[in-house]
Amino acid sequence: MKAFAMLGIGKVGFIEKEKPVAGPYDAIVRPLAVSPCTSDIHTVYEGAMGDRHNMILGHEAVGEVVEVGSEVSDFKPGDRVVVPAITPDWRSEAAVRGYPQHSNGLLAGWKFSNFKDGVFGEFFHVNDADMNLAHLPEDIAPETAVMLCDMMTTGFHGAELANIELGATVVCIGIGAVGLMAVAGARLKGAGRIIAVGSRPVSVEAAKFYGANDIVNYKDGDIVDQIMDLTDGKGVDNVIIAGGNSDILVSAVKMTKPGGTVSNVNYFGSGDLIGIPRLEWGCGMAHVDIRGGLCPGGRHRMENLIDLIRYDRVDPSKLITHKFHGMDKLEEALELMKNKPKDLIKPVVIID
Ligand code: NDP
Ligand code: ZN
């Protein structure tokens, strides 16, 4: 089969590979809509997960089941499914503890385009299909649903990890697709005031649509100063980090009130250490929690997110700024994610 792959650090291209085979609990899926992710850029161009050769890229897909193993009971060929970016091993100690993202190793629930081939092929393999797939309702378009696999679950996880109290003041640093879903998640969690940090006009407009009250442009000066000004020097209750460089945690801690939470879903792609500002963290005694997590995956999470769309709590289709048709367009779509032009939030490739 044909697939779009990472050939080595900094190199991508189309390759031929064997069609994957389903084990007894697995499924083989044909993609209907896929989307490249900023994480694919970290993986390919920063070598963030180490070198990979001829590994098929992509971890965001909606598709049609073409084959299931003998023990799969809830899915059959022809079913349209949402495939989460994170497909844990549910029979693992970490899953029992409530952290399936780390089943059988740190971040090891993230299999596609990391520990195994991703979804940018004519077919791809899904482990533990009954636990990891969700049925796609007829009334949700595949290109809308592909925003669930990673963008919505990650942004919402940022809001979940932030422990937002009703009425709290929340900052979302970064308003790419992930940060925008963090804004939407913060609003659903009951934030009072939401301050969004970003610069691309298309993202700024979308941030207001999803619930941001104030916009801070990091290109206009230090974001800590700007947010302190906006809050009369008080700082904020919760900060969700969904963008920025390796110093962004320093800024986040500086703007958080004692008792507040810094929640990170950003992917720190380089460097060995990440700094925490000693004085502003109360010499370690500020009661400011610093948390971070890989997005939840699996069937139950996807089904919950599907309901948020079906019952009009959130519309992720506003994230899609570029639509392509055909697998051949994957390279162009990935290139967009790399270059982040001003009019881009998220591209989708529809496989007709
Ligand atoms: P984008 O690149 O689209 O968005 C990044 C945002 O951060 C933009 O709004 C950008 O502003 C802003 N930004 C850039 N530099 C700074 C800065 N110095 N200070 C403040 N803001 C800044 O990324 P995505 O939304 O696609 O992804 C966000 C992060 O989430 C990535 O690191 C990605 O790898 C990670 N991720 C994590 C997952 C998880 O499970 N934890 C899963 C999926 C993704 P501008 O408007 O100027 O572009
Ligand atoms: Zn991703």
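Just follow the structure's listing: the first ligand is 1, and inside any ligand the first atom is 1.
- Scanning both residues, I173 and A252, for their nearest heavy atoms gives CD1-CB, 4.3 Å.
- Using a 4.0 Å cut-off between charged nitrogen and carboxylate oxygen, E205 and K318 count as a salt-bridge pair.
- In terms of protein heavy-atom proximity, atom 6 (C) of ligand 1 is closest to G174 CA, 3.5 Å.
- Here the side chain of W110 pairs a donor or acceptor atom with the backbone of F112 at under 3.5 angstrom.
- Numbered from 1 in the order shown, with element, the atoms of ligand 1 that lie under 4.0 Å from a heavy atom of D150 read 42 (C), 43 (C).
- Scanning the protein for heavy atoms near atom 39 (C) of ligand 1, the closest one is T154 CG2, 3.4 Å.
- Within the structure, ligand 1 lacks S203 among the residues with a heavy atom less than 4.0 angstrom away.
- For atom 28 (C) of ligand 1, the nearest protein heavy atom (residue, atom name, distance) is A242 O, 3.3 Å.
- When only non-hydrogen protein atoms are considered, atom 2 (O) of ligand 1 lies nearest to K340 NZ, 2.7 Å.
- In summary, an N, O or S atom of H59 is located under 2.8 Å from the Zn ion (ligand 2).
- A salt bridge between R299 and D128 is absent, with no side-chain N of the basic residue lying under 4.0 Å from a carboxylate O of the acidic one.
- Within the structure, the closest approach of G293 to ligand 1 falls below 4.0 Å when heavy atoms are considered.
- Protein heavy atom nearest atom 9 (O) of ligand 1, with residue, atom name and distance: I175 N, 2.8 Å.
- At a heavy-atom distance under 4.0 Å, no atom of K346 approaches ligand 1.
- If you number the atoms of ligand 1 from 1 as listed, the ones under 4.0 Å from a heavy atom of N266 come out as 29 (C), 31 (C), 32 (O).
- Residues E160 and R301 are paired through a salt bridge, judged by an N-O separation under 4.0 Å between the basic side chain and the carboxylate.
- Put simply, the residue from R193, K257, K189 that forms a salt bridge (Lys or Arg N to Asp or Glu O under 4.0 Å) with D237 is K257.
- For I86, no heavy-atom contact with ligand 1 is shorter than 4.0 Å.
- Inclusion of I345 in the set of residues having an N or O under 3.5 Å from an N or O of ligand 1 is not warranted.
- Grouping the Ile, Leu, Val, Met, Phe, Trp and Tyr side chains by contacts below 4.5 angstrom, directly or via other members, places L32 apart from F324.
- Every atom of ligand 1 is numbered from 1 in the order shown, and the set under 4.0 Å from a heavy atom of C295 is 39 (C), 40 (O).
- Every atom of ligand 1 is numbered from 1 in the order shown, and the set under 4.0 Å from a heavy atom of V265 is 30 (O), 35 (C), 36 (N), 37 (C), 38 (C), 39 (C), 41 (N).
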Fill in: Audit row: F268, H42, ring-ring contact (aromatic ring centres under 6.0 Å, His included) steps and yes/no
CA-CA 9 Å; F268 291 104; H42 294 300; 9.4 Å; no

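- The protein non-hydrogen atom at the shortest distance from atom 17 (C) of ligand 1 is Y218 CD1, 3.5 Å.
- A salt bridge links K111 to D89: at least one charged side-chain nitrogen sits closer than 4.0 Å to a carboxylate oxygen.
- Here the heavy atom of the protein found nearest to atom 26 (O) of ligand 1 is T38 OG1, 2.5 Å.
- The closest non-hydrogen atom to atom 48 (O) of ligand 1, taken over H157, R200, Q101, comes from R200.
- Taking every heavy atom of both residues into account, P347 and A333 meet most closely at CG-O, 3.9 Å.
- With H102 contributing its side chain and L107 its backbone, the two residues share a donor-acceptor pair below 3.5 Å.
- Ligand 1 places these atoms under 4.0 Å from at least one heavy atom of S39: 33 (C), 34 (O), 36 (N), 43 (C), 44 (C).
- Put simply, the side chain of Y210 gets close to the backbone of D315: a donor and an acceptor are under 3.5 Å apart.
- Atom OD2 is the N, O or S atom of D150 at the shortest distance from the Zn ion (ligand 2).
- Checked by distance only, ligand 1 and V178 come closer than 3.5 Å through their nitrogen or oxygen atoms.
- Taking 4.0 Å as the cut-off between side-chain N and carboxylate O, K2 and E122 do not count as a salt-bridged pair.
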